[in-house]
Amino acid sequence: MNKYWYQEQVRILQTVLREKDAAQYDAAAVVRYMKETDSNCLVVNAGGVMDFFPNKTELGRSGRFLGSQDILKSLVKECHENQLRIIVRVDFRGVEKERYEQKPHWFGQNEDGSPLMGWNDRIYRPCYTSFYGSGHAEEFIRKLLQEYDVDGVWENCVIFGYGPCYCPGCRESFRAYSGREIPSGADYASGEFREYREWKSIRARQHMDRMRRTVKSFGEDKAYVSEIFGMYHVSTSLTSGIDLYDAKDKFDFLVSPLFLDGSAQPEKKYEDYSHAASGIRFLKAIAPEKQSVALSGGNGTKWRYVTAPRLENRIWLWEAVSAGGNLWNNYFNGQYPGNAVDRRNAGGEKEIYHYLKENAPFLNGQIPEGETGIFYSRATRDVWGKDSMAEDEYGTFLRGVERVLFDCHIPYRFVPDLHFSYEKLKGLKVLLLPNAACLSEEHMEVIRRFVENGGGLVASFRTSLYDEKGRRRPDFGLKDVFGCSFTGIVKDTRWDCYQKVRMAHPVFAGMDIERTEMIMNEEETLLCTKQKADYDMAASYVPPIYNQPPEYAWIPEEETEYPTILTGQYGKGRVVYFSNQTDKACFTNGHEDFINTYRNAVEWAAGGNFSFTARAPESVHISLTCDRKKGGRKVISFVNTTSGPFRPIRSLQPVYDLEVRLRGVSLKKAEILREESRIEVEEEMVQKDREIVIRIPCLQEFSAVFLDTEEGREG
């Protein structure tokens, strides 16, 4: 049993109040809605940008519609009488003009001394060194916790310190840290600001430490949390100095915005369904001992007055749950979802929350499991990542790899470069390095050891060409493992480009390769030369064959010395290196040549069959999790996304006769957590191996099975 409430499952309702929502507030109705939907924790505005309690302190700003009400007092009473937790939302991103003019020296400054502005220029922003963002924020939280017996504090928008600040406090602090002045004139993402960004990250962590100490001074049972953007949000981390690596030890559970509406990519209307589960997998990889929570809900961040498409939203929530996540229903514009502008999604979380509540003993402590690991490189993200997919050279690689693993039902987990060690690779058969350009010498030694001892490796493109600071190496740091050397030449292979098939190899399994001389190429390709005689050149670079005019659509020589797919044995392990961007193209293009080649590379590098196999269409997402302390306690979840060709979907097509096999373990107990047809779980012997077999006659939306297993290969 965990010691504190926030270490157990949380099923959160948040009502993001507008000023007018304070009028005739009905705390009892809010709590009734929570009980009807099996929510167990409320997050509600307290103040900062605007106060929702009678705040008579300096710079207090109570809303015009609050009147004589004390919303927080009523909510605390109603929640605690019904055994519900309540967390107050505070927000120190800034103030309006009237309050700013009372204390202008409490806030941030541009280089010319003008105030830092934000959010449609309605808010005057502080910085991490300013009194408003530190001393005032601390006093504000202390006052709240002294007057109200709330269960925790959510510091909304803790990443308020965007970009450089030139206030006297920042100038003095940075000068003491670096011995020089804050840079000016250059791109904030450039190397000229690197030292400033490092300093700023230190000050941001100090801010979080200060707020945490304030909250915890009222008891360890008081939760301190904030939402931190995940692995695909590049600019937010870079400009604010805070990402999940910095924040994971500061908060009592981890929360990341995982909205359906494409908030991670500005040009996307809707995220891929896998994104919800992917975000939870990453949170679990960062801090497996903490609850991981998807900040999502009935309203997205772009269209706050209208609900998200209902069926899409249900699938989205099931995806997050399937990876072992908890949920945070972030609802805007009303006292609660049943009293909002758009009430069509009110109660939409009820069935998912009921599933979480009823199965909490089986779901608590579950983390993603798999024999395949995706290495996540924050250093590479900071150098090569971009929010825009058209410009991004890191996140799109990860998304391509995830697409392959999702489609092919290969369970996986993330292996972040945070505290990366050989022990972190325990249980993996294969490690994937999708364009992990920036690697330290220590990280490369861990990878070498893993492969030498029999682990598989699949790497691509610029992997190891740079050190952890983004400085270019003369050649691949892992060229001995890859079996090739970089010539320094990068070819644009976006148009009229192909790979020449040089041999029959398992990376082409099932691709009818004997009937073609070439496969697809796209994006960019590094020209590399083979350095190890015992490595195999499965495919090589083909210079462009321009398609017009068709009479000239040929070249005299298609074979070159530059491998695009190189395979070999390093120590006891197998290696596949793609000198092109096959993994990225799995996402940006999706041609079967890319998908099949990458899948085969993963399976070949793994050195044999995975212990988990599935018979199901690609549109069924299957997740495998296990108890982080008792690995034999597993949950297998099935999410159906089978539908028409367009998003958002309006109906699901049921799928039939699904089967999952788990080899090498024996079954102690099975529990059906949710089914839509009669699920069968049994144990079979196949060539002296025990196999647990799960058969699902029909999947309509979501099903899940709990297995208590133990090792037991031979009969």
If the threshold is 4.0 Å, N to carboxylate O, is there a salt bridge linking [X] and [Y]?
| X | Y | value |
| --- | --- | --- |
| R378 | D246 | yes |
| R399 | E271 | yes |
| K386 | E391 | no |
| E445 | R448 | yes |
| D272 | R403 | no |

Describe, in one word, how the ring planes of [X] and [Y] are oriented to each other, choosing from parallel (under 30°), tilted (30 to 60°) and perpendicular (over 60°).
| X | Y | result |
| --- | --- | --- |
| Y577 | F482 | parallel |
| F229 | H233 | tilted |
| Y196 | W199 | tilted |
| F476 | F486 | tilted |
| W604 | H505 | perpendicular |

Judged by modelled atom types alone, do [X] and [Y] share a side-chain donor-acceptor pair under 3.5 Å?
| X | Y | result |
| --- | --- | --- |
| E371 | S611 | yes |
| R197 | S201 | no |
| E402 | S278 | yes |
| E195 | S178 | no |
| Y245 | D417 | yes |
| S440 | E468 | no |
| Y232 | D392 | no |
| N580 | T582 | yes |
| S322 | S637 | no |
| S540 | R502 | yes |
| N609 | T613 | no |
| D583 | S460 | yes |

Is [Y] close to [X] at the side-chain level, that is, under 4.5 Å between some pair of heavy atoms?
| X | Y | result |
| --- | --- | --- |
| T380 | Y466 | no |
| I228 | F251 | yes |
| N521 | V542 | no |

Listed by chain and number, what are the side-chain contact (heavy atoms from CB on, under 4.5 Å) partners of [X], not counting sequence neighbours?
| X | result |
| --- | --- |
| D467 | K469, R471, R473 |
| K284 | I280, S292, I367, P368 |
| E517 | K500, E558 |
| D209 | R213, K250 |

On a heavy-atom basis, which atom in [X] and which in [Y] lie closest, and how many Å separate them?
| X | Y | answer |
| --- | --- | --- |
| V660 | A614 | CG2-CB, 3.9 Å |
| L428 | T372 | CD2-C, 3.6 Å |
| L398 | P434 | CD2-CG, 3.6 Å |
| N600 | V507 | ND2-O, 3.0 Å |
| Q291 | F253 | O-CB, 3.4 Å |
| E369 | C626 | OE1-CB, 3.5 Å |

Identify whether NZ of Lys or CZ of Arg in R281 sits under 6.0 Å from the centre of the six-membered ring of Y412 and within 45° of that ring's axis. yes
With F706 via ring pair (Phe, Tyr, Trp, His ring centres under 6.0 Å) - residues at least two apart: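 F362.
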Non-neighbouring partners of H409 that pass ring pair (Phe, Tyr, Trp, His ring centres under 6.0 Å), sequence neighbours left out: none
Ring centres of [X] and [Y] under 6.0 Å apart?
| X | Y | answer |
| --- | --- | --- |
| Y376 | F282 | yes |
| F594 | F587 | no |
| Y598 | F578 | yes |

Is atom NZ of K491 surrounded by more than 12 heavy atoms (other residues, nucleotides or ligands) closer than 6.0 Å?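 Incorrect, the count does not exceed 12.
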Neighbour count above 12 (heavy atom, 6.0 Å) for K479 NZ: no
How far apart are the C-alpha atoms of V481 and L457, what are their side-chain angles, what is the distance that settles it, and do they pass the side chain to side chain contact (heavy atoms under 4.5 Å, CB included) test? CA-CA 9 Å; V481 181; L457 186 71; 3.7 Å; yes
Between K572 and N453, is the side chain to side chain contact (heavy atoms under 4.5 Å, CB included) condition met? List the steps. CA-CA 5 Å; K572 298 178 182 178; N453 290 336; 5.7 Å; no
Run the side-chain hydrogen bond (donor to acceptor under 3.5 Å, both in side chains) check on E319 and S274 step by step: do they pass? CA-CA 7 Å; E319 289 276 12; S274 59; over 6 Å; no
When Q581 is tested against each of R494, E393, E522 for side-chain hydrogen bond (donor to acceptor under 3.5 Å, both in side chains), which residue passes? E393
Yes or no on side-chain hydrogen bond (donor to acceptor under 3.5 Å, both in side chains) for T529 and S485, after CA distance, side-chain angles and deciding distance? CA-CA 5 Å; T529 55; S485 181; 4.8 Å; no
Could you go through N596 and R599, starting from their C-alpha distance and side-chain angles, then the distance that decides it, and tell me whether this counts as side chain to side chain contact (heavy atoms under 4.5 Å, CB included)? CA-CA 5 Å; N596 293 338; R599 176 203 63 205; 3.5 Å; yes
As a quick check of understanding, evaluate side chain to side chain contact (heavy atoms under 4.5 Å, CB included) for N435 and K584, giving each step before the final call. CA-CA 9 Å; N435 196 29; K584 177 180 179 179; over 6 Å; no
